[in-house]
Participant: 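Just dropping this structure here.
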Amino acid sequence: MNHEQGDGLTTDIDTTSLESATETALAEEAIRVAKAAETVPRADQPLIFDVGKLTVYYGTFRAVKDVDMDIRQNQITALIGPSGCGKSTVLRCFNRMNDLIETARVEGKVEYHGVDLYGERVDPVEVRRRIGMVFQKPNPFPKSIYENIVYGPKIAGWKGNYDDLVEETLTKAALWDEVKDKLKESGMALSGGQQQRLCIARAIATSPDVVLMDEPCSSLDPIATLKIEELMLELKKDYTIVIVTHNMQQAARISDQTAFFSVRVDEQGQRTGYLVEYSQTDEIFTSPGQKLTEDYITGRFG
Amino acid sequence: MTDVTDTNLHFHQELESLEHDVLSMVDRAEQMVEMAVEAVCIGDVALAAQVIKLDDDIDRIHLDVHGHWTKLMARFQPLGSDLRKMTVLLQLNQTFERMGDQCVNIAKVTRLNEGLPRVERMVEQIREMGDLVRPMIRTASEAYVRHDLEEARLLPDMDSPVDRLNANMYKEIVAVGSNPQMLEWASKILMVARALERIGDQAVDFAEQTAYLITGARTEFIKPGLNRSADDSPI
Amino acid sequence: MSAHAEALSATELVRQSIEGRRLSPVDTLVAFTLLFTLLSSVVILITLLADTIAAAMPVFQSRGLSFVTDSLSPSAEEAGIWQGIMGSLALIGFVIVVAFPLGVAAAVYLEEYASDNRVTRFIGANIRNLAGVPSIVYGILGLFLFVEIFMGGVFGAEGGIGGRNVIAGGLTLAVLVLPIMIITTAEALRAVPRGLRDASLAVGATRWETIRHHILPVAFPAILTGSVLTIARAFGESAALLLAGAQLSLYFSVANDASFVDLVSNQPYTALPIIIYNFARQPQAGFVSLTAAAIVVLLVMLLTVNAAAVLARDRFERRYR
């Protein structure tokens, strides 16, 4: 080792010939472009969602345009970006919650395990059993904790031991110890952080393989937030998680992949969201490929 | 390009100030190299003492920068190029402090060699090394300030002659003969050569950090032709 | 020395600006006026009540509960309000059986199923208008529609009272209160937080399951309140009923051995507010206190219904809180 620092500098780029400065500059530019266009960050995990040219309209308003992304199993994918860039809209496409908005129209391809989610024969109710969702403001049912958990499985016709199910899901949601003695009490009597964990337990009670989270921590205090972040890191062993978050640091802490969305304003003044960059979280937050991304994460945005 | 407002202005201002402090260290270091080489070549002990004084400045700034850096990290959790710059500045803080220490080593040799007869050949070679190392520091600084990747890439080539001169110092000792005082002087000068070679490496490191800052990719600058591990043989 | 003096004057300045502030006179005047208005209304109400009760006391003192159980009669000493109570209860029964399910169902459809377009908004606006239509119009509707049906012999109601039976009256009332029922139920449904629907649907419930298991239970207390309003409205209705065939006469008799079907389709009926109206226009002096007594009974019945609803709502709310 020539250097006294010994900081283990590694070579990421295989730029062999340093005599030709132009060559290496070009090579590096090529790598940067490829990174930005990368939509298959880790090719070894099975593909859960395959999204192609996804465009969503609310009436005549085009909320988001031409989103291409892959979501792979057992990973946490974060969707970040300024307000109004369509992140929540995209998230809601994954479990057909956009159906609830009358004027919503979804174009493009959203495939789940290879099946077109918007196919004619697809039942959105079944979809929502397999793809759970946790919302920004904790919204437990005004029923007991026990009933909150068993509701989903019950209406799905699940025949099994409900007591075991309740214990299992509450344990997975890191809530069991805190509520095991008060399962018959109302879910609304819990603190904000506990309510949100209850909502997470409720979402996984129907045994989904995906959990979607729309800014799950934005109404919680820092400690409750950290608890849920820890929980997500545990949950990703069994589930695939897609999370929309306003908090860049949160995305940096917990996600494996990050998708950065922004807004384009067209000549008519209409604002449409689009995907700027989608790659490994480490890359996006240390050296992003797109200037727009770099500007956003360093706080320089206009 | 639409107008971009900096909503992170306070952090960026502080970052600039931090950078300014770090760069002030390398300016001093460059100065110290010139003075130390001169001092050891002509045996000027007073000049050597000035070098040591300048190092106190560097040490003080080094400490301040460290504290400032830590506070910025805690407060702002920077990302992207801001994060890379912070990483680089912390590294450079260390590197420049070491440059200063190497100059102090050279100054100390001046004191140790006081009164001893000089070997002119070796003095010339030390001067030559000094004349090679100072532009290296200058070039690396320019490359950093101007964000110039091409310029940063020049450093490894500039380092090769320095390494060669250092390696050849051995042979010069053999040519000294048997005069014990000259031998003592010469063996101390070996340390000076070693110190200058180290400073050269630190300048290359400076350029590597610059390259990382610009590209976001870590590369180790590979010097064409030379087997690096052989250079590191202890003297 | 001067700095100290300056600091002192700064304190003084602050003190002068924040101390000694009195309430703005306008504020006090407004508060007083509003309080006065409230008290006046309450005083008027209490006066009316006291007056009525005072006037009614002689009747209860002399006849006690027989006033409630006696039949109508042109004689002030014998006249009772039994048919009125029975009639009113029967009519309320109709309202509950017909208007409540229809009203809730219509509101559920409008709020949960119908898309928000010009047609539905038009329908909604019209329902609101219907709630404001004078009740006499509903009476005319009742006369020309429901009475006609029964006159046409649907239940074999030829002759006799010619269709002016309690079914026709009940249906008329039901149609009258339907808009109110729809509106209050719709309000109750709208007040259910959106998050509850999202949560239920996200867990894989169908729309109907969401409504049945989550939305209706949460909206129920408010719907109940709306129902009470509806019942109170129906209880006090007289104009529409008069047109639709309620008997005004004091010579009122119902065949004692009539079957239930016969009772509701062929027999005459009346309601408490109508009896009150009738008593009030009798010239004999004895009817004055009878009127007051009938009013008191009506009020008691209303209060009972109200209290029952409040109790029911409380119990329901406690279960779901």
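Numbers restart at 1 for each chain; the letters A, B, ... are given by sequence-line order, proteins then strands.
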Participant: Among the options A:Arg130, A:Glu102, A:Arg129, pick out the one with the most heavy-atom pairs lying under 4.5 Å from chain C.
Facilitator: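 Winner by heavy-atom pair count: A:Glu102.
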Participant: Taking the side chain as every heavy atom from C-beta outward, state whether C:Val218 and A:Pro142 have any atom pair closer than 4.5 Å.
Facilitator: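 Sidechains of A:Pro142 and C:Val218: in contact.
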Participant: Distance check, rounded to the nearest 0.5 Å: C:Leu201 atom CG versus A:Met133 atom CE?
Facilitator: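 Answer rounded to 0.5 Å: 11.5 Å.
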Participant: Which atoms of A:Leu100 are under 4.5 Å from chain C, going by heavy atoms: the side chain, the backbone, both sets, or neither?
Facilitator: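 It is the side chain, since no backbone atom gets that close.
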Participant: Indicate the ring-plane relationship of A:Tyr151 and C:His214, choosing parallel, tilted or perpendicular according to the 30° and 60° boundaries.
Facilitator: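 Ring orientation of A:Tyr151 relative to C:His214: perpendicular.
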Participant: Measuring from C:Thr206:OG1 to A:Asp123:CG, what's the distance to the nearest 0.5 Å?
Facilitator: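 Reported value, rounded in 0.5 Å steps: 9.5 Å.
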Participant: Among A:Ile131, A:Thr103, A:Ile155, A:Val134, who wins on heavy-atom pairs under 4.5 Å with chain C?
Facilitator: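 Highest number of heavy-atom pairs under 4.5 Å: A:Ile155.
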Participant: How about CD on A:Glu126, more than 12 heavy atoms from neighbouring residues, nucleotides or ligands closer than 6.0 Å, or not?
Facilitator: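 Atom CD in A:Glu126 is packed in, count exceeds 12.
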Participant: Is atom CZ of C:Arg194 surrounded by more than 12 heavy atoms (other residues, nucleotides or ligands) closer than 6.0 Å?
Facilitator: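 No.
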Participant: Working to the nearest 0.5 Å, report the span between CG of C:Asp198 and CZ of A:Arg92.
Facilitator: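 One finds 8.0 Å between CG of C:Asp198 and CZ of A:Arg92.
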Participant: If I take atom NZ from residue A:Lys154 and atom CD from residue C:Glu209, how far apart are they, to the nearest 0.5 angstrom?
Facilitator: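 The NZ atom of A:Lys154 sits 11.5 Å away from the CD atom of C:Glu209.
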Participant: Counting only heavy atoms not in A:Lys137, do more than 12 fall under 6.0 Å of its NZ?
Facilitator: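 Open: at most 12 neighbouring heavy atoms sit under 6.0 Å from NZ of A:Lys137.
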Participant: So which residue, C:Ala199, C:Ser200, C:Ala205, ends up with the most heavy-atom pairs under 4.5 Å with chain A?
Facilitator: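 Of C:Ala199, C:Ser200, C:Ala205, C:Ala199 has the most heavy-atom pairs under 4.5 Å with chain A.
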Participant: Other residues, nucleotides and ligands only: do more than 12 of their heavy atoms fall within 6.0 Å of CZ on A:Phe61?
Facilitator: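 Atom CZ in A:Phe61 is packed in, count exceeds 12.
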Participant: Of the backbone (N, CA, C, O) and the side chain (C-beta and beyond), which part of A:Phe141 lies under 4.5 Å from a heavy atom of chain C, both, or neither?
Facilitator: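 For A:Phe141, backbone and side chain are both near chain C.
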Participant: Above 12 or not: heavy atoms from other molecules or residues under 6.0 Å from CD1 of A:Ile223?
Facilitator: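 Atom CD1 in A:Ile223 is not packed in, count stays at 12 or less.
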